[in-house]
Visitor: 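Dropping a structure here in structure tokens format, bear with me for questions.
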Amino acid sequence: MKLHIEIDDFLLLDQLKELAIEYSVTKNELVCIAIRKLLYDVEFVRAMRSENNRKKFIHHLNEKK
């Protein structure tokens, strides 16, 4: 499956181009890396949130004893 992304922000495009040159990768590879990082961060935050909710729930149950 291919995903086509259009970026209209010229400053962002310039930064992508500079980073692609610096790290010897294509702009498309950089975008894929950024998306992968974003998805990882979302999963990490979800896990932290659910862990905090679990701890709060356990604390709440312990208070009722």
Visitor: Count I, L, V, M, F, W, Y as connected when their side-chain heavy atoms are under 4.5 Å apart, and connections chain through other members. Are Leu16 and Ile21 then in the same cluster?
Guide: no

Visitor: Identify the heavy atoms of Ala20 and Leu30 that sit nearest to each other, and give their distance.
Guide: N-CD1, 3.3 Å

Visitor: Verify the cluster assignment for Met48 and Leu39: are they in a single hydrophobic cluster under the rule of side-chain heavy atoms below 4.5 Å apart?
Guide: no

Visitor: How long is the span from the NZ atom in Lys2 to the CG atom in Asn28, to the nearest 0.5 Å?
Guide: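 The NZ atom of Lys2 sits 7.5 Å away from the CG atom of Asn28.
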
Visitor: Mind checking the CG-CZ spacing from Asn53 to Arg49? Nearest 0.5 Å is all I need.
Guide: 8.0 Å

Visitor: Any heavy-atom pair between the side chains of Gln15 and Leu12 that's under 4.5 Å?
Guide: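 Yes - at least one pair of side-chain heavy atoms lies under 4.5 Å apart.
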
Visitor: For the atom pair NZ (Lys55) and OG (Ser50), what is the distance rounded to the nearest 0.5 Å?
Guide: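 That separation rounds to 10.5 Å.
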
Visitor: Side-chain heavy atoms under 4.5 angstrom apart, residues restricted to Ile, Leu, Val, Met, Phe, Trp, Tyr: same cluster for Val42 and Ile5?
Guide: no

Visitor: Count I, L, V, M, F, W, Y as connected when their side-chain heavy atoms are under 4.5 Å apart, and connections chain through other members. Are Phe10 and Val31 then in the same cluster?
Guide: yes

Visitor: Shortest non-hydrogen contact from Leu11 to Asp9?
Guide: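 Looking at all heavy atoms of both residues, the closest pair is N-OD1, 3.0 Å.
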
Visitor: What is the distance from atom OH of Tyr23 to atom CD of Glu18, rounded to the nearest 0.5 Å?
Guide: 12.0 Å

Visitor: Same cluster for Val25 and Leu19 if Ile/Leu/Val/Met/Phe/Trp/Tyr side chains link at under 4.5 Å?
Guide: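 Yes, same cluster.
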
Visitor: For the atom pair CZ (Arg36) and CD (Glu29), what is the distance rounded to the nearest 0.5 Å?
Guide: 9.5 Å

